[in-house]
Amino acid sequence: MSRAPVGAGAHPAKENRNHGVSAAINDSAGADDPAWESTPLTTVDRYYLAWTQYQTEHGEEPKAEQLSAYLASEKGMTGRGGKPVSPSTLRRYLLPFRIYNVWAEHRLRNQAPSLDAIVQECAAHGITAQHNKPLTADYIAEQVVDFERRWQALTRHQAQQQQ
């Protein structure tokens, strides 16, 4: 049985928000863990950065087609064969990006953000799963390891950008 990619039918948040959550550069969570020290930005992290930059520049969340064009024209990021990254590839990341933003806001205040609080805040901001279904703490729990990895990678990336 084939499943649709996560977020394929998800809707963008109903309101504009500050999408550029900045991790504190001196954040010590994970700093003593050698596994985080060399956490490089992944391709998806770079998509996320472009997604947030697009919102800063345009005042709205990009649709997958817009993000694809932005990646190619503004960031020089292309997919296979030098063509723009497929919108269908990008579409699967949009919901996790929205949730990550909420998670990261909570992470600024707490090393282990409450999944229930994140679910509630996502609901309050109109962030829903496929077919407008509410998000669950279990779904977010599946993302936490990647969210923390992204948090550490972006923190290190921002620190390097400031040097």
- prompt: Any idea how Y93 and Y47 line up, ring-wise: parallel (<30°), tilted (30 to 60°), or perpendicular (>60°)?
  reply: tilted

message: Quick one: does any side-chain atom of Q111 pair with a main-chain N or O of R107 as donor and acceptor, under 3.5 Å?
response: no

message: Tell me the closest heavy-atom pair linking V119 and A137, and the distance in Å.
response: CG2-N, 3.4 Å

query: Can you list the steps and then say if E121 with I127 is a side-chain contact (heavy atoms from CB on, under 4.5 Å)?
result: CA-CA 8 Å; E121 188 170 337; I127 301 171; over 6 Å; no

task: Taking atom types as modelled, find out whether Q66 and H58 have a side-chain donor-acceptor pair closer than 3.5 angstrom.
output: no

Solution key, residues 72-80 side-chain donor-acceptor pairs under 3.5 Å, sequence neighbours excluded:
| unit_1 | atom_1 | unit_2 | atom_2 | d |
| --- | --- | --- | --- | --- |
| S73 | OG | A69 | O | 2.9 |
| K75 | NZ | Q53 | OE1 | 2.6 |

- prompt: Does S68 use its side chain to pair, donor to acceptor, with the backbone of A64 at less than 3.5 Å?
  reply: no

field: Validation row: T43, V85 side chains within 4.5 angstrom (heavy atoms)
entry: no

message: Show, in sequence, the C-alpha distance, side-chain angles and deciding distance for K63 and L94, and conclude whether the side-chain contact (heavy atoms from CB on, under 4.5 Å) test is met.
response: CA-CA 9 Å; K63 295 187 176 1; L94 299 180; over 6 Å; no

statement: Closest non-hydrogen atoms of W151 and A104, given as atom of the first, atom of the second and distance, are CZ3-O, 3.5 Å

- prompt: L41 versus L49: any side-chain heavy-atom pair under 4.5 Å?
  reply: yes

Intermediate values then yes/no, side-chain contact (heavy atoms from CB on, under 4.5 Å), Y100 and D146: CA-CA 9 Å; Y100 174 79; D146 190 51; over 6 Å; no

message: Using side-chain heavy atoms (C-beta onward) and a distance below 4.5 Å, is Q130 in contact with L95?
response: no

message: Which heavy atom of I118 sits nearest to which heavy atom of P113, and what is that distance?
response: CD1-CB, 3.7 Å

task: Would you please classify the geometry between the F147 ring and the W103 ring as parallel, tilted or perpendicular, with 30° and 60° separating the classes?
output: tilted

